[in-house]
**Q** 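Encoded as structure tokens, here's the structure I'll be asking about.
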Amino acid sequence: MDFPRLEDLGDLDGRRVLVRCDFNVPLANGVITDDLRIRAAVPTLRYLLDAGAQVTACSHLGRPRGAPDPAWSVEPVRARLADLAPGVDMLENLRFDPGETADDPSFVAQLVAGRDAYVNDAFGASHRAHASVVGPPRHLPSAAGRLLAREVEVLGGLRTSARRPFVGILGGAKVSDKLGVIKALLGVVDELIVGGAMCFTFLAAKGANVGSSLLEEDLIGECARLLDSGAPIRLPLDITALGPGGRIGDPSAGGEVRQVGTSMPDGWMGLDIGPGSAVEFCDLIAEAHTVLWNGPMGVFEDPRFAAGTRTVAEAVANCRGFTVVGGGDSAAAVHQFGLAARMDHVSTGGGAALELIEKGDLPGLAALRGEHE
Ligand code: 3PG
Ligand code: MG
């Protein structure tokens, strides 16, 4: 896709550059638990510093509602950034101002005042038409940073130039969040594996009794139509389920854990793909020349329901083809399993990665191309 790159900004010596990053990192009691998104922006920040620019980074953090909130101060991010990219200034949380999410022209004017150029390296936020994402390119010479450009090359490339066989793996809780992506992927993949809680709506569409598993009843018809269309959707054949009385994340609460077929007794809740399905999925993954994985196969945070996600993660890591992990929970899973370095690309974007795969474009990219609403 065509949009301006860092090199297109020309001589940056002494220029004041605003860089929109996605430093929306997970925090626990004010401590960053995963700094991937900060590390991922360093190549862009280094390029600008090496070119002699005065660099100011900015980001949102969490979802404060347009007013300062000490719980969402960027202070921990600023401290980490000072270690990783000394010499970069950082603005306070953009979402402390209601103008950010509203794309308010007066907030954009504040952001661009006193700056000579703008760089968007916030892939994970580029699906938001917010002031700091779409506003500055209306006023300043603008370019995509290294991270944004790489994400678009990899994820956008899956739609147009993936080597086949191309195996997509989708999981996570809801079909409703991923219907657009499912349809887009069915146009390009050879096999689409569906696990995670979203598989239960598909299994119900095939007539299975899914017990107390998560089910989106209003989408059963849509799932049935997709299955009837002959789309290459691969569903689990066995499920790891938790019996009545059990609680997710709390083995001490009791409740039996058992492998069941795709139909389960009333009161049982499917929480992971079963071992037979995992093996079958691994065979498909091993043959793939391209793999895209987005969404865990089960509730991997609970060790009783982690095996499916772990087995699939290992299969993707071992695949000799080009392997891409969408952001969000599946990225968290590969980090938790220590497998991130064995993937070809782990995206820093969750919603942005899905939207790019679905639509082939993002508001932040359109803005860089000069297409202003
Ligand atoms: C994310 O973490 O998905 C991005 O930073 C976007 O955050 P948002 O969903 O709050 O807009
Ligand atoms: Mg590989």
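Indexing begins at 1, ligand by ligand and atom by atom, following the structure's order.
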**Q** Judging by distance only, is a nitrogen or oxygen of His130 under 3.5 angstrom from one on ligand 1?
**A** no
**Q** Does Val152 form a side-chain contact (heavy atoms from CB on, under 4.5 Å) with Leu365? I'd like the steps, not just the answer.
**A** CA-CA 9 Å; Val152 174; Leu365 298 172; 3.8 Å; yes
**Q** Which of these passes side chain to side chain contact (heavy atoms under 4.5 Å, CB included) with Gln110: Asp104, Asp97, Leu91?
**A** Asp97
**Q** Are Leu84 and Val119 connected, step by step, through hydrophobic side chains (Ile, Leu, Val, Met, Phe, Trp, Tyr) whose heavy atoms are closer than 4.5 Å?
**A**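 The answer is yes; both residues are in one hydrophobic cluster.
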**Q** Got His60 and Asp22 here, is their nearest side-chain heavy-atom distance under 4.5 Å?
**A** yes
**Q** Quick one: which ligand 1 atoms are inside 4.0 Å of a heavy atom on Asp22?
**A** 4 (C), 5 (O)
**Q** Heavy atoms, side chains only, cut-off 4.5 Å: are Ser59 and Met90 in contact?
**A**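 Yes, at least one pair of side-chain atoms sits under 4.5 Å.
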**Q** In terms of atom number and element, which parts of ligand 1 are under 4.0 angstrom from non-hydrogen atoms of Arg63?
**A**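 Ligand 1 atoms under the 4.0 Å threshold to Arg63: 8 (P), 9 (O), 10 (O).
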**Q** Looking at ligand 1, does Gly350 have a heavy atom less than 4.0 Å from it?
**A** no
**Q** Give yes if a backbone or side-chain nitrogen or oxygen of Arg37 is under 3.5 Å from a nitrogen or oxygen of ligand 1, and no if not.
**A** yes
**Q** Out of the candidates Val291, Leu292, Leu192, only one should pair with Ile169 under the side chain to side chain contact (heavy atoms under 4.5 Å, CB included) rule; please name it.
**A** Val291
**Q** How far is atom 7 (O) of ligand 1 from its nearest protein heavy atom, and which residue and atom is that?
**A**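 The closest heavy atom on the protein side is His60 NE2, 3.1 Å.
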**Q** In terms of atom number and element, which parts of ligand 1 are under 4.0 angstrom from non-hydrogen atoms of Arg128?
**A** 8 (P), 9 (O), 11 (O)
